[in-house]
Amino acid sequence: MTERHVLILGGTTEARRLAEALTGTPWRVTTSLAGRVAAPRALPGAVRVGGFGGTDGLAAWLRAHAVTALVDATHPFAATMSFHAAEAAAAAGVPLLALRRPGWTRTPGDDWHDAASLGEAASLLPALGTRVFLTTGRTGLSVFTGDPGLWFLVRAVDPPGPPLPARTEVLLDRGPFTLEGERALLARHRVDVLVTKDSGGAATAPKLTAAREAGIPVVVVRRPPVPQGLPRAADVAGALAWMASLAP
């Protein structure tokens, strides 16, 4: 069979699982990583790290490397890259699939407070608690520096850079996390409010269950807008089905 080349815009569990699923198939796989994580997990196939130089750079890369399918499996909050991917794929004439895991769903007992941004999340905190478990990643933390009465436990894969809130403890860890572990963490640090992005997926969902059990309010930062009108898949099986439908 004729070899085909897929570029996966990665950095997520779904991107890694798709690359693994394509091992041994006629698809040649290249996974692109933004380079925000210092030590990413190993991936099958070719891996490139760093940006493309905007929409034009990505379109040129697609043409130069004879890419026949593009899968946007970036983080649900990587909106800029998703728009670049849509524009570049259209310019290069390459089919594009958005592989987006579903967001989390409220269940009975959840005390969720929606926020449109990290800044809005920060503004909600004084009315909800004083000991904050912040699980939004290592960037954008400067918006939480305004209230000296709040204490933060910041969990991230890599150390966050300044500025940080004055009263901050950093916990370097990588999911998946267990429910037992999240229960113990909330109790040990006397957390009374949780802040999270609506990333979806099972790897970090146990914190939501632990918060519900403990009666802890959760500030959920909603996902940013993404390009509309594209083929979408919610999981790797859906992505494989889409790729199988493409003409060889």
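Counting begins at 1 with the first residue of the sequence. Computed from heavy atoms alone, side chains included, the values below leave out hydrogens, waters and symmetry copies.
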Can you establish whether the number of heavy atoms outside [X] located under 6.0 Å from its atom [atom1] is more than 12?
X	atom1	value
Arg167	CZ	yes
Glu169	CD	yes
Asp173	CG	yes

Less than 4.5 Å apart, any side-chain heavy atom of [X] and any of [Y]?
X	Y	answer
Pro95	Trp242	yes
Leu97	Leu230	no
Glu120	Leu118	no
Asp110	Val218	no
Val29	Ile8	yes
Arg4	Val67	no
Val195	Leu125	yes
Leu9	Val71	no

How many angstroms lie between [atom1] in [X] and [atom2] in [Y], if you round to the nearest 0.5 Å?
X	Y	atom1	atom2	value
Thr13	Asp235	OG1	CG	13.0 Å
Thr168	Leu134	OG1	CG	8.5 Å
Leu58	Leu7	CG	CG	7.0 Å
Leu22	Leu240	CG	CG	5.5 Å

Open item on the list: For a side chain to side chain contact (heavy atoms under 4.5 Å, CB included) check, start with the C-alpha distance between Arg138 and Val154, then their side-chain angles and the critical distance, and finish with the verdict.
Closed with: CA-CA 8 Å; Arg138 66 185 180 93; Val154 176; over 6 Å; no

Given the rule that I, L, V, M, F, W and Y join up when any side-chain heavy atoms are under 4.5 Å apart, are [X] and [Y] in one cluster?
X	Y	answer
Val191	Val219	no
Leu194	Val220	yes
Leu70	Leu246	no
Trp112	Leu128	no
Leu153	Leu179	no

Task: side chain to side chain contact (heavy atoms under 4.5 Å, CB included) partners for Glu182, two or more places apart - done: Arg155, Phe177, Leu185, Pro206, Lys207, Ala210

Determine the minimum heavy-atom distance between [X] and [Y], stating which atoms define it.
X	Y	value
Ser123	Pro126	O-CD, 3.6 Å
Pro76	Ser199	CG-O, 3.5 Å
Val170	Pro160	CG1-CD, 3.7 Å
Leu33	Gly10	CD2-C, 4.0 Å
Ala59	Ala88	N-CB, 3.6 Å
Gly200	Thr204	O-OG1, 4.4 Å

Open item on the list: I'd like to know whether Ser32 forms a side chain to side chain contact (heavy atoms under 4.5 Å, CB included) with Trp61, so could you lay out the CA-CA distance, the side-chain angles of the two residues, the decisive distance to 0.1 Å, and finally the verdict.
Closed with: CA-CA 11 Å; Ser32 175; Trp61 200 97; over 6 Å; no

Open item on the list: For Trp104 and Leu208: C-alpha separation, side-chain torsions, deciding distance, then whether side chain to side chain contact (heavy atoms under 4.5 Å, CB included) applies.
Closed with: CA-CA 9 Å; Trp104 288 313; Leu208 302 174; 3.4 Å; yes

If we ignore hydrogens and angles and just use 3.5 Å, is the side chain of [X] paired with the main-chain N or O of [Y] as donor and acceptor?
X	Y	result
Asp192	Thr130	yes
Arg48	Gly51	yes
Arg223	Asp198	yes
Thr55	Glu87	no
His75	Phe77	yes
Asp147	Gly149	yes

- [ ] Apply side-chain hydrogen bond (donor to acceptor under 3.5 Å, both in side chains) to Thr30 and list each qualifying residue two or more places apart in sequence or on a separate chain.
- [x] His5

TODO: Could you give me the CA-CA distance, side-chain angles and deciding distance for Ile216 and Arg131, then say whether side chain to side chain contact (heavy atoms under 4.5 Å, CB included) is met?
DONE: CA-CA 11 Å; Ile216 293 173; Arg131 297 185 64 81; over 6 Å; no

- [ ] Can you run down the salt bridge (charged side-chain N to carboxylate O under 4.0 Å, His left out) pairs that involve residues 90-102, sequence neighbours left out, and say none if there aren't any?
- [x] Glu14-Arg101, Asp72-Arg100

